[in-house]
K.L.:
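Let me give you the structure first, and then I'll get to my questions.
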Amino acid sequence: MVSEFQLIRRFFTRATPGAVLGVGDDAALLQVRSGMELAVSTDMLVSGTHFFPDTNPFSLGYKTLAVNLSDMAAMAAQPRWASLALSLPEVDENWLEKFSAGLFTLADEYQVDLIGGDTTRGPLALCVTIMGEVPHGMALHRSGARVGDDIWVSGVLGDAALALAQIQGHVQLAAKDFAACSLALHRPIPRVTLGLALRCVAHSAIDISDGLLADLGHILESSNVGAEISFAALPVSSALQFYIRRPLGKHCLLAGGDDYELCFTAPVAHRPAVEEIATSLGLRLTRIGIITEKRFCIVRAADGSIINIGKSGYDHFC
Ligand code: ADP
Ligand code: MG
């Protein structure tokens with residue numbers, strides 16, 4: 001039987017070159033570099049609510065950190081440290097091995113040190129607190145959008161929701177499409193480098209975790225502005241394109257969630273700068289609309305008509 005102490009040592013203790021003191025004492029010690037602000041964010045994943053209990057543990061470890069890195073990206077912060085609070089129903093060494101491998105794979109990629117946490121017995125839940133640095137006054141806020149700004153999104157939207165729709169039996173995708181959409185669902189790529197590149201370019205940013213309309217809505221509310229979105233401009237994969245005329249396709253695209261792409265606004269004068277970032281990162285960045293002063297969000301179809309999105313987007317599959 002593995003003790004709590006052995007479990008922490010074996011699965012969650014690694015070198016922490018970016019910390020003064022890492023795992024093993026009553027608290028970690030961190031040094032924020034001069035001129036920097038500390039960005040702190042927590043995201044919790046609960047079994048049955050955010051993931052299926054039988055989810056592949058490597059993917060779960062990866063995604064637990066990825067969703068937190070995505071919050072750093074949205075603030076234009078450089079992620080540096082993370083702590084992990086784990087509630088486990090049992091000590092399953094095979095599960096823990098894979099979970100920690102998934103988590104450290106991403107931590108290594110972004111040079112994030114796991115500097116502490118807590119481990120307890122209980123229903124399966126995973127909670128990461130991530131910390132990053134951003135030069136004083138350079139963070140991107142939700143409240144920075146200005147009338148006339150372009151609205152941009154990274155990558156393609158809706159694939160994770162489409163994979164979930166298949167898992168829930170609402171749709172039957174071709175095998176290769178399901179594989180691609182499953183990757184979006186289980187291994188989202190946090191847009192950290194994009195966030196950093198946007199520091200002097202964007203006015204506001206958010207990461208899309210709850211669906212485009214809901215998250216763009218947070219920018220609009222915080223900034224006291226509205227938006228007009230061009231439905232035809234929204235970036236979708238060929239898998240989602242197939243369903244785009246159906247309520248299911250629209251739901252995935254506008255309200256699906258779990259995208260972990262960035263939605264940001266930038267002045268028109270910065271279009272060349274945004275396009276340069278897209279080219280240098282090899283990342284699709286799409287202009288999807290503009291910020292208006294009307295305090296609400298309109299989604300316009302290609303024929304000029306307004307698509308009825310209801311209050312909170314598409315809530316039901318029809
Ligand atoms: P305490 O009793 O002071 O809360 P713990 O026994 O919970 O200490 O933790 C011992 C050390 O292990 C601490 O440094 C803590 O931050 C770290 N730790 C506990 N659980 C985890 C975990 N899941 N991942 C990383 N570090 C952890
Ligand atoms: Mg403890």
Side-chain angles (χ1 to χ4, degrees), residues 1-33 36-73 75 77-134 186-190 192 207 209 258 260:
M1 185 66 193
V2 184
S3 72
E4 180 190 329
F5 175 73
Q6 288 168 324
L7 183 161
I8 296 164
R9 253 191 98 118
R10 184 162 152 207
F11 298 109
F12 299 108
T13 307
R14 299 271 182 100
T16 53
V20 180
L21 186 65
V23 169
D25 215 311
D26 292 311
L29 297 172
L30 311 174
Q31 177 76 58
V32 181
R33 288 173 288 190
M36 297 285 188
E37 287 166 3
L38 186 66
V40 183
S41 172
T42 299
D43 249 324
M44 178 152 64
L45 300 185
V46 176
S47 178
T49 303
H50 300 98
F51 60 90
F52 299 106
D54 62 351
T55 300
N56 170 315
F58 183 97
S59 292
L60 205 52
Y62 176 102
K63 190 165 176 178
T64 302
L65 189 58
V67 301
N68 281 274
L69 288 170
S70 180
D71 284 319
M72 291 289 104
M75 294 301 287
Q78 175 77 60
R80 304 242 10 234
W81 309 285
S83 77
L84 170 69
L86 265 182
S87 169
L88 299 170
E90 58 179 339
V91 177
D92 176 341
E93 293 177 44
N94 180 42
W95 189 95
L96 281 163
E97 188 86 59
K98 292 181 172 133
F99 174 83
S100 72
L103 187 123
F104 280 115
T105 293
L106 206 54
D108 290 346
E109 196 175 324
Y110 290 92
Q111 296 175 307
V112 168
D113 290 337
L114 184 66
I115 48 84
D118 200 22
T119 307
T120 175
R121 193 178 288 270
L124 182 59
L126 319 156
C127 182
V128 165
T129 296
I130 194 148
M131 287 150 277
E133 289 177 319
V134 57
H186 296 300
R187 306 274 172 87
I189 299 171
V192 172
D207 68 319
S209 53
D258 257 2
Y260 300 105

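Counting starts at 1 for both ligands and their atoms, following the listed order.
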K.L.:
Could you list which atoms of ligand 1 come closer than 4.0 Å to a heavy atom of D118?
P.N.:
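Matching atoms, with element in brackets: 7 (O), 19 (C), 20 (N), 21 (C), 23 (N).
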
K.L.:
Under 4.0 Å from a heavy atom of L114: which atoms of ligand 1 are those, numbered in the order shown and with their elements?
P.N.:
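Under 4.0 Å from L114, ligand 1 has these atoms: 24 (N), 25 (C).
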
K.L.:
Number the atoms of ligand 1 from 1 as they appear, then name those within less than 4.0 Å of a heavy atom of E4, with their elements.
P.N.:
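Reading through ligand 1 atom by atom, the close ones are 6 (O), 7 (O).
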
K.L.:
Measure the spacing between CE of M72 and CD of Q78 and express it to the nearest 0.5 Å.
P.N.:
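The CD atom of Q78 is 10.5 Å from CE of M72, to the nearest 0.5 Å.
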
K.L.:
As a check for students: among V23, D25, L21, identify the option with a heavy atom nearest to atom 13 (C) of ligand 1.
P.N.:
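It is D25 whose heavy atom sits nearest to atom 13 (C) of ligand 1.
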
K.L.:
Do ligand 1 and I8 have nitrogen or oxygen atoms that lie under 3.5 Å from each other?
P.N.:
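No.
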
K.L.:
Can you check whether G24 has an N/O within less than 3.5 Å of an N/O in ligand 1?
P.N.:
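Looking only at distances, the answer is yes, because the N/O contact criterion of under 3.5 Å is met.
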
K.L.:
How are the rings of F12 and F99 set to each other: parallel, tilted or perpendicular (split at 30° and 60°)?
P.N.:
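The rings of F12 and F99 stand perpendicular, inter-plane angle above 60°.
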
K.L.:
Quick check for you: to the nearest 0.5 Å, what is the distance between Y62 atom OH and I189 atom CD1?
P.N.:
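Output value for this atom pair is 5.5 Å.
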
K.L.:
In Å and rounded to the nearest 0.5 Å, what is the CG to OG distance from D43 to S70?
P.N.:
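Going from CG on D43 over to OG on S70, the span is 8.5 Å.
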
K.L.:
Quick check: do T16 and V23 have side-chain heavy atoms less than 4.5 Å from each other?
P.N.:
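T16 vs V23: side chains apart.
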
K.L.:
Give the atom numbers and elements of ligand 1 that come within less than 4.0 Å of a heavy atom of D26.
P.N.:
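Checking each atom against D26, I get 3 (O).
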
K.L.:
Measure the spacing between CZ of F51 and OG1 of T64 and express it to the nearest 0.5 Å.
P.N.:
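So the CZ of F51 and the OG1 of T64 are separated by 7.0 Å.
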
